[in-house]
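In listed order, ligands and their atoms are each counted from 1. Remember, predicted model here, so these are calculated numbers, not experimental data.
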Amino acid sequence: MSQHYRIQFPPDNSEQLQQDEVFFTLVEDNHATRLRFHDYAEIYRRPGLYEQLFYERLRCNSPEKVAELLQGALDTVREPISELRVIDLGAGNGMMGEVLKRNGVARLVGVDLIPEARDAAYRDRSTVYDDYYVEDLTELASQTETELREWRFDCLTCVAALGFGDIPPRAFFNAMKLVRTDGWLAFNIKVSFLDHAEQTGFSKLVRELIFSKYLDIYHLELYRHRLSMEGTQLFYYGLVGRMTDSIPDDFLEQHGID
Ligand SMILES: C[S@@+](CC[C@H](N)C(=O)[O-])C[C@H]1O[C@@H](n2cnc3c(N)ncnc32)[C@H](O)[C@@H]1O
């Protein structure tokens with residue numbers, strides 16, 4: 001890692017805040033900047049800050065866990081990962097991509113909403129992605145869609161990027177539609193997304209998918225995603241499934257998901 005940062009956590013208020021509202025203070029050249037966890041552009045601009053914060057200090061291990069579950073599913077059906085053509089949604093600076101690349105996938109294309117993510121991925125993990133699109137998949141231009149389809153994806157990965165104001169259901173759904181009909185989905189979600197009381201669009205989408213005829217679940221595992229700032233354990237589900245049929249274009253509308 002190129003540099004170590006002076007990161008200061010606040011006295012004791014993060015538990016009352018939503019995960020995307022939590023902030024910390026970064027001290028650089030005696031100048032303090034307050035950043036939220038979701039200030040991705042500011043975080044990615046500083047080489048190694050994302051890794052230091054989430055992976056060293058808060059012990060995130062989601063890319064390894066989701067990749068392990070995906071590998072397990074491929075092993076079940078005796079399919080080699082070396083043939084997998086992956087679209088990595090919410091790719092950020094390439095933490096998931098790095099694991100997939102190490103595991104030997106055939107093609108790997110990143111997609112993220114912000115240019116700072118692609119810049120950081122190319123800066124810090126220049127050999128990981130075959131291509132990287134800065135795109136909002138909720139409004140996919142037909143030219144971009146054509147280009148993306150040329151990759152003939154058979155797997156969608158999405159790690160630490162669903163819920164909490166990150167990737168909306170429509171963008172995830174459109175990414176799914178870029179994957180072959182019998183392709184794989186591998187992602188993680190916070191535990192409450194499987195709870196019927198949770199009414200967010202993404203939570204509904206995951207529940208509808210799990211119980212639909214369009215997805216076979218191979219793995220659904222509860223695991224520790226990372227620590228909170230206070231050191232408490234944040235549990236997520238890792239989910240790997242295989243699509244079984246072409247999902248209707250109006251699936252979201254049918255289920256009142258927006
Ligand atoms: C916590 S980071 C996860 C990055 C990486 N997958 C990892 O595991 O380290 C969430 C990423 O999702 C991206 N993101 C948020 N909304 C998005 C959207 N609508 N479309 C694509 N990416 C989005 C953010 O820019 C950010 O890079």
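Ser246 and Tyr214 share no side-chain donor-acceptor pair at under 3.5 Å.
The backbone N or O of Arg85 sits less than 3.5 Å from a side-chain atom of Asp154, completing a donor-acceptor pair. The backbone N or O of Gly110 lies less than 3.5 Å from no partner atom in the side chain of Asp88, so there is not a single donor-acceptor pair. No side-chain donor-acceptor contact under 3.5 Å links Asp216 to the backbone of Arg242.
For the ligand labelled ligand 1, residue Phe54 lies outside the 4.0 Å heavy-atom shell. Within the 4.0 Å heavy-atom shell around ligand 1 one finds Asp166. Contact annotation: Asp136 has no heavy atom less than 4.0 Å from any atom of ligand 1. Between Ala160 and ligand 1 there is a heavy-atom distance shorter than 4.0 Å. Distances from ligand 1 to the non-hydrogen atoms of Ser62 include no value under 4.0 Å. Note on ligand 1: Tyr55 sits in its first shell, one or more heavy atoms being nearer than 4.0 Å.
Counting heavy atoms only, Leu113 comes closest to atom 21 (C) of ligand 1 of the residues Asn174, Leu113, Thr138. For atom 24 (C) of ligand 1, the choice among Val66, Asn93, Asp112 with the nearest heavy atom turns out to be Asp112.
Classification of the Phe9-Phe24 ring pair by plane angle, with boundaries at 30° and 60°, yields perpendicular. Tyr50 and Phe54 have tilted rings, their planes meeting at an angle from 30° to 60° on a 0 to 90° scale.
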Taking only distance into account, with no hydrogens and no angle test, what donor-acceptor pairs under 3.5 Å do side-chain atoms of residues 251-258 form with protein atoms, sequence neighbours excluded?
{"from": "Glu253", "atom 1": "OE2", "to": "Arg170", "atom 2": "NH2", "distance (Å)": "2.7"}
{"from": "Gln254", "atom 1": "NE2", "to": "Asp250", "atom 2": "OD1", "distance (Å)": "2.9"}
{"from": "His255", "atom 1": "ND1", "to": "Glu208", "atom 2": "OE1", "distance (Å)": "3.3"}

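At a 4.0 Å heavy-atom cut-off, ligand 1 does not touch Cys158 at all. Contacts with ligand 1 closer than 4.0 Å are made by side-chain heavy atoms of Ile114 only, the backbone lying farther away.
When only interatomic distances are considered, the shortest N/O to N/O separation between Pro63 and ligand 1 does not fall below 3.5 Å.
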Q: Give the intermediate values and the outcome of salt bridge (Lys or Arg N to Asp or Glu O under 4.0 Å) for residues Arg102 and Glu98.
A: CA-CA 6 Å; Arg102 188 195 67 210; Glu98 186 169 67; over 6 Å; no
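The distance between the ring centers of Phe37 and Phe23 does not fall below 6.0 angstrom.
Atoms of ligand 1 lying under 4.0 Å from any heavy atom of Tyr50, numbered from 1 in the order shown and given with element: 1 (C), 2 (S), 3 (C), 4 (C), 7 (C), 9 (O). The atoms of ligand 1 that sit less than 4.0 Å from any heavy atom of Ala161 are 10 (C), 12 (O). The ligand atoms of ligand 1 that sit less than 4.0 angstrom from a heavy atom of Pro168 are 19 (N).
Closest of all the heavy-atom pairs between Arg125 and Asn93 is NH1-O, 2.9 Å.
What sits closest to atom 18 (C) of ligand 1 on the protein, heavy atoms only, is Ile167 CG1, 3.5 Å. Looking only at heavy atoms of the protein, atom 4 (C) of ligand 1 is closest to Gly90 O, 3.3 Å.
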